[in-house]
Amino acid sequence: MEFFCYHRDRSDSLALRDELLEEHWSYMDGFAAEMIARGPTLTGDGEVPTGSVHIVDLPDAAAARAFAFDEPGYQAGVYREVMLRRWRNLLGRTMWEFPGGPNDGNRYLVLGLGAGQAVDLVVPPMPAQDELIAYGPLLSDDGAAWLGTAALVRAPDADTARAVLTPDRYADIEVHRWQFGGRS
């Protein structure tokens, strides 16, 4: 089962986050085989981390909760909240298989928080499809209810990234700067 996990940083936790970076990476290294995508969200200028995204393939919801809440930054108080949702990998690949590579262009996390009828359940058509790093619906724990959509996108700007989702069909759409994570 695939899960989307977004740890949002507390505003005053940068020093603690930096102190725990090696522990965080070592923890995530233990899930390398299960990892679909990973990396920090950043302030608009791309300079300061604001959160941490992980998309993983784990056996069940209990394993996903353990993954999210045993993470060293969570245990130490770096994060103000954790979003953990079932997710479906509509691209069928990992971020490392993204044809655009890890560095060229601006990268964004686009989170559409659901409201009503499910939308965006298929991969957007070209040319947007070529810019998708990860894409899929956010689902309830049992996978039956649609709760939104999460995408990692290469785009020239936040407005272009936001356009990957159908406007006016979500309660809210968040767009965050994002970059490929993990060790160099």
Side-chain angles (χ1 to χ4, degrees), residues 1-9 24-25 28 31-58 64 68 82-139 143 146-184:
M1 291 181 191
E2 297 155 334
F3 294 88
F4 173 87
C5 182
Y6 183 26
H7 292 89
R8 296 177 194 253
D9 289 8
H24 168 79
W25 281 352
M28 292 303 162
F31 294 92
E34 294 85 5
M35 200 67 64
I36 295 167
R38 69 185 278 191
T41 55
L42 307 161
T43 53
D45 62 8
E47 296 297 318
V48 179
T50 60
S52 194
V53 172
H54 298 91
I55 303 174
V56 291
D57 189 355
L58 296 168
V82 177
M83 174 190 280
L84 181 62
R85 298 284 185 263
R86 289 270 304 269
W87 187 76
R88 188 173 311 124
N89 186 355
L90 295 182
L91 297 177
R93 66 175 185 228
T94 71
M95 72 179 202
W96 298 276
E97 297 166 307
F98 171 60
N103 299 315
D104 293 336
N106 297 321
R107 311 303 170 95
Y108 298 91
L109 163 64
V110 182
L111 273 178
L113 305 176
Q117 187 68 27
V119 66
D120 295 328
L121 295 175
V122 297
V123 177
M126 299 297 211
Q129 191 175 101
D130 284 342
E131 301 303 319
L132 296 174
I133 299 161
Y135 184 89
L138 298 168
L139 305 167
W146 176 82
L147 303 175
T149 305
L152 299 172
V153 182
R154 179 175 64 180
D157 55 57
D159 288 337
T160 303
R162 179 186 306 275
V164 76
L165 298 184
T166 304
D168 303 323
R169 295 297 304 272
Y170 292 90
D172 189 26
I173 296 177
E174 300 177 13
V175 180
H176 305 271
R177 289 288 297 265
W178 174 82
Q179 69 183 27
F180 276 52
R183 298 178 194 279
S184 302

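Owing to the predicted nature of the structure, the values given are computational and were not obtained by experimental measurement. Side-chain atoms are counted along with the backbone in the values below, which use heavy atoms only and exclude waters and symmetry mates.
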Give a yes or no answer on whether the side chain of [X] reaches the backbone of [Y] with a donor-acceptor pair at less than 3.5 Å.
X	Y	value
R93	L90	no
Q129	P124	yes
R177	G44	yes
N106	P156	yes
H7	A68	yes
W146	P137	no
R162	V175	no
T149	G112	no

Using every non-hydrogen atom in the two residues, find where [X] and [Y] come nearest and quote the distance to one decimal.
X	Y	answer
I133	R154	CD1-N, 4.0 Å
A161	A155	N-CB, 3.7 Å
A151	V164	CB-CG1, 4.4 Å
A134	I55	CB-CD1, 4.1 Å
L109	W178	N-CB, 3.7 Å
E2	I36	CG-CD1, 3.8 Å

Test side chain to side chain contact (heavy atoms under 4.5 Å, CB included) on T94 and M35 and set out the steps.
CA-CA 7 Å; T94 71; M35 200 67 64; over 6 Å; no

Does the gap between the ring centers of H176 and Y6 come in under 6.0 Å?
yes

Within this structure, what is the [atom1]-[atom2] distance for the pair [X] and [Y], rounded to the nearest 0.5 Å?
X	Y	atom1	atom2	answer
R38	H24	CZ	NE2	5.5 Å
Y135	L152	OH	CG	12.0 Å
M83	L147	CE	CG	9.0 Å

Does a side-chain heavy-atom distance below 4.5 Å link [X] with [Y]?
X	Y	value
F3	R86	yes
D130	P99	no
W87	L138	yes

Y108 and T160 side chains, donor-acceptor separation under 3.5 Å
no

Report yes or no: do T41 and T50 form a side-chain donor-acceptor pair below 3.5 Å?
yes

Using a 6.0 Å cut-off, check whether atom [atom1] of [X] has over 12 heavy atoms from anything other than its own residue.
X	atom1	answer
R8	CZ	yes
D168	CG	no
E97	CD	yes

For F180 and F98, take the angle between the two ring planes, folded into 0 to 90°, and tell me which bin it lands in: parallel under 30, tilted 30 to 60, perpendicular over 60.
tilted

